[in-house]
Amino acid sequence: MRLDRFVSKSTELTQQQVSDCIAQANVSVNGVAVTDEATQVHENNLVQFNGQTLVPRPFRYLLLHKPQQTLCSNVDGVHPSVFSLLDIERPSELHIAGRLDADTTGLVLITDDGRWTFNITSPKYACYKTYRVDLAKPIKEDVAERFANGIALQGEKGLTLPAKLEVISAHQVLLTLTEGKFHQVKRMFAAVGNKVVKLHRQRIGAVELDVPEGQWRYLTAEEISSFYSANRVD
C-alpha cells in the first residue's frame with residue numbers, strides 16, 4: 001500500500017493534510033523519516049506519525065445491486081454514482097472492483113483493498129463473471145461453439161478467451177467469461193450478428209447477487225477469501 005494511503009486509512013486527516021505531513025518528514029517507516037508519499041509499505045512495517053504508531057482501519061468489502069442509469073464512479077456525472085446508494089462512513093476511500101456500464105445492471109463489488117481488487121480484475125487470475133443477456137434476435141446454434149473457441153473483436157489483436165454460453169430461451173442467454181475488455185459482451189454479440197438489449201451481471205467468482213436492486217450488504221469472510229483462491233466454475 002502507498003504510504004499516503006496508509007496514513008489516510010489510519011487517521012482522519014484530509015488527503016492534502018496527509019501529503020503535507022509526509023513532505024514535512026513527520027511520517028517514518030521503520031524508524032526512518034520518509035518524504036515520498038508513493039513509498040510502498042507492508043503489513044510488517046512500523047509506520048509512525050509524530051512518534052505515534054499508525055494502525056489502518058480494517059478493509060471493507062461490499063456487494064451492491066446496481067440499477068440502470070447509475071455510474072460506477074466515485075462522483076456523480078450525467079447519471080448518479082452508485083456510491084450515492086451507500087449509507088456508509090468515508091465512501092471516498094472505496095473503489096469498484098470491476099465496473100459496469102451505465103445501462104448495465106447487477107452485481108458490483110466495492111472495497112478499499114487494492115490487492116483484493118487485482119485478484120478479481122487481472123486476467124492473470126481468470127476470475128469468472130456471469131451475465132444474463134437479453135438479445136434482439138434469436139440466438140444462433142453455432143454461437144456457443146464460436147464463443148468457446150474465441151472470436152475476433154474489431155480493433156483487438158487475437159481472439160477472445162474461451163467463454164461459456166448457456167441458452168435460457170431464444171432471446172436470453174447466460175454468458176460466463178474471464179476477460180473485461182471495453183464493452184466486451186456487447187461487442188461479442190455484435191460480432192456474431194446480434195445485439196444486446198439488456199445486460200445484467202449476476203455472479204463474480206463464487207459470489208452471487210442476492211439483494212434487491214439498489215441495495216447492498218457486506219461480504220462474508222468466506223466470500224472475501226474466495227478471491228484469494230481459484231475462482232473458476234464448471
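Here the structure is a predicted model, which means the values were calculated and not measured.
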Grouping I, L, V, M, F, W and Y whenever their side-chain heavy atoms are under 4.5 Å apart, do [X] and [Y] come out in a common cluster?
X	Y	result
Leu153	Leu161	no
Phe59	Ile204	yes
Leu62	Leu107	no
Leu177	Leu209	no
Val108	Tyr128	no

Please list all pairs meeting salt bridge (charged side-chain N to carboxylate O under 4.0 Å, His left out) that have one or both residues in residues 128-140, counting only residues at least two apart or in different chains. none
Tell me, do [X] and [Y] make a side-chain contact under 4.5 Å, heavy atoms counted?
X	Y	answer
Thr105	Pro67	no
Val82	Leu64	yes
Gln24	Cys21	no
Tyr125	Phe118	yes
Leu175	Met188	yes
Ile151	Leu159	no

About how many Å separate [atom2] of [Y] and [atom1] of [X], when rounded to the nearest 0.5 Å?
X	Y	atom1	atom2	value
Lys164	Thr178	NZ	OG1	13.5 Å
Gln69	His79	CD	NE2	4.0 Å
Glu223	Leu109	CD	CG	9.0 Å
Arg60	Leu219	CZ	CG	13.0 Å
Ser81	Leu86	OG	CG	8.0 Å
Asn26	Ser28	CG	OG	10.0 Å

Got a sec, which residues hit side chain to side chain donor-acceptor pair (under 3.5 Å) with Asn74, two or more places apart in sequence or on another chain? none
Set of side chain to side chain donor-acceptor pair (under 3.5 Å) partners for Gln16, sequence neighbours left out: Asp20
Keeping Lys66 on the side-chain end and Asp103 on the backbone end, is there a donor-acceptor pair under 3.5 Å?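 No; judged by distance alone, with no hydrogens or angles, the pair does not exist.
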Is there a donor-acceptor pair closer than 3.5 Å between any side-chain N or O of Ser122 and the backbone N or O of Asn119?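 Side chain of Ser122 to backbone of Asn119, a donor-acceptor pair under 3.5 Å: no, none is there.
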Should the heavy atoms of other residues, nucleotides or ligands under 6.0 Å from NZ of Lys9 be counted, would the total exceed 12?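 Above 12, so yes.
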Counting only heavy atoms not in Asp142, do more than 12 sit closer than 6.0 Å to its CG atom?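 Counting neighbours around CG of Asp142, more than 12 heavy atoms of other residues, nucleotides or ligands fall under 6.0 Å, so yes.
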In the hydrophobic clustering (ILVMFWY, side-chain contacts below 4.5 Å, transitive), which residues join Leu174, or is it alone? Ile168
With sequence neighbours excluded, tell me which residues meet ring-ring contact (aromatic ring centres under 6.0 Å, His included) with [X].
X	result
His200	His65
Tyr218	Trp216
Phe83	none
Phe6	none

Let me have the donor-acceptor pairs involving side chains of residues 91-101, under 3.5 Å, with sequence neighbours excluded, atom names and distances please.
unit_1 : atom_1 : unit_2 : atom_2 : d
Glu93  : OE2    : Arg57  : NH2    : 2.6
His95  : ND1    : Thr111 : O      : 3.3
His95  : NE2    : Thr117 : OG1    : 2.7
Arg99  : NH1    : Cys72  : O      : 2.6
Asp101 : OD2    : His183 : ND1    : 2.7
Asp101 : OD2    : Lys186 : NZ     : 3.3

Do Asp210 and Arg217 pass the salt bridge (charged side-chain N to carboxylate O under 4.0 Å, His left out) test, and can you show the C-alpha distance, the side-chain angles, and the key distance before you say yes or no? CA-CA 9 Å; Asp210 60 359; Arg217 67 170 174 85; 3.0 Å; yes
Might you point out which heavy atoms bring Ser10 and Leu54 nearest each other, and give the distance in Å? CB-CB, 3.7 Å
With sequence neighbours excluded, residues passing salt bridge (charged side-chain N to carboxylate O under 4.0 Å, His left out) with Glu156: Lys181, Arg187
What residues form a salt bridge (charged side-chain N to carboxylate O under 4.0 Å, His left out) with Asp4, not counting sequence neighbours?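 For Asp4 the salt bridge (charged side-chain N to carboxylate O under 4.0 Å, His left out) partners, ignoring immediate neighbours, are Arg2.
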Which side-chain N or O atoms in residues 33-46 pair as donor and acceptor under 3.5 Å with protein atoms at least two apart or in another chain?
unit_1 : atom_1 : unit_2 : atom_2 : d
Asp36  : OD1    : Ala38  : N      : 3.0
Glu37  : OE1    : Ser19  : OG     : 3.0
Thr39  : OG1    : Asp36  : O      : 2.8
Gln40  : OE1    : Met1   : N      : 3.2
Glu43  : OE2    : Arg115 : NH2    : 2.9
Asn45  : OD1    : His42  : N      : 2.7

Go through the steps to decide whether Thr130 and Thr176 satisfy the test side-chain hydrogen bond (donor to acceptor under 3.5 Å, both in side chains), and finish with yes or no. CA-CA 4 Å; Thr130 299; Thr176 300; 2.8 Å; yes
Determine, stepwise, if the pair Thr53 / Val47 fulfils side-chain contact (heavy atoms from CB on, under 4.5 Å). CA-CA 6 Å; Thr53 299; Val47 181; over 6 Å; no
Is it the case that the ring center of Tyr61 lies less than 6.0 angstrom away from the ring center of Trp116?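 Between Trp116 and Tyr61, the centre distance is under 6.0 Å.
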Quick check, are the ring centers of Phe147 and Phe189 under 6.0 angstrom apart? yes
